[in-house]
Amino acid sequence: MKGFKPSAPFLLLLPAMIVLAAVVVVPLLLSLYSSFTPFRLTRPETFFVFVGFRNYLSILSNTDFWWAFGRTVLLLTIALNLEMLLGLGLAMLVEKATRGQRILRTLMMFPMMFSPILVGFQFKFMFNDNIGLVNNALQSLGITHDAIPWLIEGHLAFIAISVAEIWSSTAIFAILILAGLLAMPKEPIEAARVDGCTPWQTFRYVTWPFVMPFAYIAMTIRSLDVARAYDIVKIMTDGGPAGRTELLWTLVARTAYSDGRMGMANAMAYFSILLSIAFTVYFFNKLAAARTQIGAEW
């Protein structure tokens, strides 16, 4: 190190690098190491027992993990598709507005202002079988006579969670797709109308290819959010009833803190990251293909 003279930019960045290493890099390395150990919170000495890939091999035969994995993929598929359709509809309606478009854009962002925990409490109250707004509305309209156990029956609880996720994040799709619609040149649409295209043909072959990259950006962002969904599920059902709404990260938290098996939980967490990586790569490839199709140079 004799004669080493660090540059000024390095010295200015050094405190930030130390903080990042302390709060990000070191915990990640420790959690990765513990995934190769039988570490239990009640037995600290197990942190130093190396067992190799035993935890990861146990995951492959863990039925609860694969059920949670499947539910997470199902929630991700349902939420992304419905959010995209609803967001596209909202964006096109706002784009057509001639007055108050700024106010509409602000109102469209309203659900994003709520934290996931607050959304969970809000929809837990709305789907309550005794005093919930949903049951009261259905009974008042004469659609049902008895209260529906939304958060008690497994399939209904999953639907309630899906509704909460979709309500809270459709705005992301709407805002990004609206940005694409506002940035789209008007000449191709006018040319399509002159050529006699129907509104559906104009949307299908002119508008949609242009806004597809914006939709895939939203899908990439939301796939990462849904793949690590925890707060809303924790508040609304806590993975119940009988584990019927258990997702990957609620299972990881339960394994780590309720069961105290931190080593196994970290192995599940790193295995679950593969889901996020897979969907991110898929949507990035779709985004690249969509950009190539319209010849975008962003």
Is it possible for you to say whether Phe158 and Ile235 belong to one hydrophobic cluster, with membership spreading through side-chain heavy-atom contacts below 4.5 Å? no
Atom CG of Leu57: over 12 foreign heavy atoms under 6.0 Å
yes
Using the side chain to side chain contact (heavy atoms under 4.5 Å, CB included) rule, take Asn135 and Phe127 through it: C-alpha gap first, then chi angles, then the decisive distance, then the call. CA-CA 7 Å; Asn135 275 333; Phe127 283 102; over 6 Å; no
Using ring-ring contact (aromatic ring centres under 6.0 Å, His included), reason through Phe69 and Phe271 one step at a time and then give a plain yes or no.
CA-CA 10 Å; Phe69 186 91; Phe271 199 91; 7.1 Å; no
Tell me, do Arg43 and Pro38 make a side-chain contact under 4.5 Å, heavy atoms counted? no
- Is there a donor-acceptor contact under 3.5 Å from the side chain of Asn55 to the main chain of Thr37? yes
Side chain to side chain contact (heavy atoms under 4.5 Å, CB included) between Phe123 and Ile232, intermediate numbers included: CA-CA 9 Å; Phe123 277 86; Ile232 291 177; over 6 Å; no
Margin query: A side-chain contact here means heavy atoms from C-beta on lying under 4.5 Å apart; do Asp238 and Arg254 qualify?
Written below: yes
Next item on the list: Identify whether the distance between the nearest side-chain nitrogen and carboxylate oxygen of Arg222 and Asp225 falls below 4.0 Å.
Entry: yes
CG of Asn62 to OH of Tyr56, rounded to nearest 0.5 Å, is 14.5 Å
Practice prompt. Indicate yes or no for a side-chain donor-acceptor contact from Trp249 to the backbone of Ala269 under 3.5 Å, with no hydrogens or angles considered.
Written response: no
CG of Asn285 to OG1 of Thr220, rounded to nearest 0.5 Å, is 10.0 Å
So OG of Ser140 and CG of Leu133: to nearest 0.5 Å the spacing works out to 10.5 Å
- Please indicate whether Asp195 has more than 12 foreign heavy atoms, meaning atoms of other residues, nucleotides or ligands, lying under 6.0 Å from its CG. yes
Heavy atoms of Met108 and Ala171 approach each other most closely as O-CB, 3.1 Å
* To do: Tell me whether Ile217 is reachable from Met112 by hopping between hydrophobic residues (I, L, V, M, F, W, Y) whose side-chain heavy atoms are closer than 4.5 Å.
  => yes
Here the pair of heavy atoms bringing Val226 nearest to Ala79 is CG2-CB, 4.5 Å
*Any chance CZ of Arg105 has more than 12 other-residue heavy atoms, nucleotides or ligands included, within less than 6.0 Å?*
yes
Review point. Does atom CZ of Phe47 have more than 12 heavy-atom neighbours, drawn from other residues, nucleotides or ligands, at distances under 6.0 Å?
Key: yes
*Taking a hydrophobic cluster as the set of Ile, Leu, Val, Met, Phe, Trp and Tyr residues connected by side-chain heavy atoms closer than 4.5 Å, whether directly or through intermediates, do Leu30 and Tyr257 fall within one such cluster?*
yes
Heavy-atom side-chain contact between Phe10 and Leu14 under 4.5 Å: yes
| task | State, yes or no, whether a side-chain contact exists between Ile189 and Thr207 at a heavy-atom distance under 4.5 Å. | result | yes
query = Is the count of non-hydrogen atoms from other residues, nucleotides or ligands lying under 6.0 Å from Phe48 atom CZ greater than 12?
reply = no
Taken to the nearest 0.5 Å, the spacing of Ile273 CD1 from Tyr270 OH works out to 6.0 Å
In short, Arg40 meets Asp259 closest at the heavy-atom pair NH1-O, 3.8 Å
Please check this pair: side chain of Ser169 against backbone of Ile166, looking for a donor-acceptor N/O pair closer than 3.5 Å.
no
### Message
Is the shortest side-chain heavy-atom distance between Met109 and Ile175 below 4.5 Å?
### Response
yes
Heavy atoms of Thr106 and Met113 approach each other most closely as O-CE, 4.4 Å
Under 3.5 Å: donor-acceptor pair, side chain of Thr170, backbone of Leu86: no
Inset, instruction - Output yes when a side-chain donor or acceptor of Thr245 lies under 3.5 Å from a complementary backbone atom of Pro241, and no otherwise. - result: no
Quiz item: Got more than 12 heavy atoms from elsewhere within 6.0 Å of CZ, Phe114?
Solution: yes
- [ ] Answer with yes or no whether the hydrophobic clustering places Leu138 together with Leu151; edges join I, L, V, M, F, W, Y residues whose side-chain heavy atoms lie under 4.5 Å apart.
- [x] yes
Name the orientation class of the two ring planes belonging to Phe36 and Phe53 (parallel below 30°, tilted from 30 to 60°, perpendicular beyond 60°). perpendicular
Given side chains that start at C-beta, do those of Asn266 and Phe39 come closer than 4.5 Å, heavy atoms only?
no
| message | Do Leu88 and Trp208 make a side-chain contact, defined as non-hydrogen atoms from C-beta onward lying under 4.5 Å apart? | response | yes
- Report, as yes or no, whether the 6.0 Å neighbourhood of atom CH2 on Trp67 holds more than 12 heavy atoms from other residues, nucleotides or ligands. no
Expected output: side-chain Ser31 to main-chain Pro27 donor-acceptor under 3.5 Å:
yes
Residues Met84 and Ile177: closest non-hydrogen pair is O-CD1, 4.3 Å
- Below 4.5 Å, heavy atoms only, C-beta onward: do Met184 and Val206 meet side chain to side chain? yes
CZ (Arg244) and CZ (Arg71) are apart, to the nearest 0.5 Å, by 8.0 Å
- Look at the side-chain heavy atoms of Ile, Leu, Val, Met, Phe, Trp and Tyr, link any pair under 4.5 Å apart, and say whether Ile277 and Leu28 land in one connected group. yes
Check your understanding: Does NZ in Lys96 sit with more than 12 non-hydrogen atoms of other residues, nucleotides or ligands closer than 6.0 Å?
Key -> no
Main-chain N/O of Asp129 paired with Trp150 side-chain donor or acceptor, under 3.5 Å: no
In this structure, CE of Met268 is separated from CG of Asp64 (nearest 0.5 Å) by 7.5 Å
- Task: Could you tell me whether the side chain of Thr250 and the main chain of Tyr230 form a donor-acceptor pair under 3.5 Å?
- Result: no
Residues Phe214 and Ala179: closest non-hydrogen pair is CE2-C, 4.3 Å
| request: Answer yes or no: is there a donor N or O on one side and an acceptor on the other, between the side chain of Ser258 and the main chain of Thr255, under 3.5 Å? | output: no
(request) Could you tell me whether a side-chain N or O of Trp66 sits under 3.5 Å from a main-chain N or O of Ile59, the two making a donor and an acceptor? (result) yes
